[in-house]
S.K.: 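So that we are looking at the same thing, I have put the structure below in structure tokens.
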Amino acid sequence: MIIRHANAWRVQPGKASRFTGTVAGDSILPATDGVVISTITFEPGSRTHWHSHERGQILSVVAGYGLICTAGEEPRRLRPGDWVWVPAGERHWHGAAPDTHLTHTAISLGTTQWADEVTEAEYAEQPHEHEGESA
Ligand code: MN
């Protein structure tokens, strides 16, 4: 079966409890055995709220540049081709860099616990350049 972005959506007001800014997504696999797969595009500057995943999350960066931040650590850059494992229960956020879009596919395991928004000050902690960082 080929899935061709049949379920594209735009963030609705109800999603304001999950994202800052404009985010568009495609549901690839609705919740099946506790697994949700979706591809999400963040417009420049947009990002998730702080949240955690009951059994963890895998992110695959498809296009653009972004950031991921674990609570208590500094934000780290995301580039096309990157894969990320977010451990179960770990408080974090992810989203676009200030001046570029980010598209990632997210494989979320179990339920997602949404929390407070990422403040402008927290978001501004990240560096703006995209190149030259070692892993
Ligand atoms: Mn996440």
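The figures here come from the full heavy-atom set of this structure, side chains too, leaving out hydrogens, waters and symmetry mates.
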S.K.: Is any side-chain heavy atom of D99 closer than 4.5 Å to a side-chain heavy atom of Y65?
M.R.: no
S.K.: Do the rings of W93 and Y123 sit parallel, tilted or perpendicular, given the 30° and 60° boundaries?
M.R.: tilted
S.K.: Considering non-hydrogen atoms only, spot the tightest contact between D82 and R77 and give its length.
M.R.: OD2-O, 4.0 Å
S.K.: Shortest non-hydrogen contact from H101 to A96?
M.R.: C-CB, 4.2 Å
S.K.: Could you give the distance from CD (E43) to OG1 (T100), rounded to the nearest 0.5 Å?
M.R.: 11.5 Å
S.K.: Any sub-3.5 Å donor-acceptor pair from R47's side-chain atoms to G45's backbone N or O?
M.R.: yes
S.K.: Should the pair H94 and H92 be assigned to parallel (<30°), tilted (30 to 60°) or perpendicular (>60°) ring geometry?
M.R.: parallel
S.K.: Hey, is the main chain of S17 close enough, under 3.5 Å, to the side chain of H49 for a donor-acceptor pair?
M.R.: yes
S.K.: Test of understanding: clusters of I, L, V, M, F, W, Y form through side-chain heavy atoms closer than 4.5 Å, transitively. Do V23 and V84 belong to the same one?
M.R.: yes
S.K.: Between G64 and P80, what is the shortest heavy-atom contact and its length?
M.R.: O-CD, 3.1 Å
S.K.: Minimum heavy-atom separation for G110 to E54, with atom names?
M.R.: CA-OE1, 3.3 Å
S.K.: Spell out, yes or no, whether I58 and V36 are grouped together once hydrophobic residues are joined by side-chain heavy atoms under 4.5 Å, including indirect joins.
M.R.: no
S.K.: Calculate, to the nearest 0.5 Å, the distance between atoms CZ and CG belonging to F42 and L78 respectively.
M.R.: 9.5 Å
S.K.: Can you find a side-chain donor-acceptor pair between S27 and S38 that sits under 3.5 Å?
M.R.: no
S.K.: What are the two closest non-hydrogen atoms of L102 and G95, and how far apart are they?
M.R.: CD2-O, 3.2 Å
S.K.: Going from CD1 on I107 to CG on L29, what distance comes out if it is rounded to the nearest 0.5 angstrom?
M.R.: 9.5 Å
S.K.: What I want to check is whether the side chains of Q113 and S52 have a donor and an acceptor closer together than 3.5 Å.
M.R.: no
S.K.: Can you measure from CD (E117) to OG1 (T48) and round to the nearest 0.5 angstrom?
M.R.: 11.0 Å
S.K.: For the CH2 atom of W83 and the OG1 atom of T105, what is their distance to the nearest 0.5 Å?
M.R.: 7.5 Å
S.K.: Are W85 and I37 connected in the hydrophobic side-chain network, where two residues link if heavy atoms are under 4.5 Å apart?
M.R.: yes
S.K.: If I take atom CD from residue E125 and atom CG from residue L67, how far apart are they, to the nearest 0.5 angstrom?
M.R.: 11.0 Å
S.K.: If every non-hydrogen atom of E122 is compared with every non-hydrogen atom of W50, which pair is closest and at what distance?
M.R.: OE1-NE1, 3.1 Å
S.K.: Following the transitive rule for hydrophobic clusters with a side-chain heavy-atom cut-off under 4.5 Å over Ile, Leu, Val, Met, Phe, Trp and Tyr, establish whether I28 and L109 coincide in one cluster.
M.R.: yes
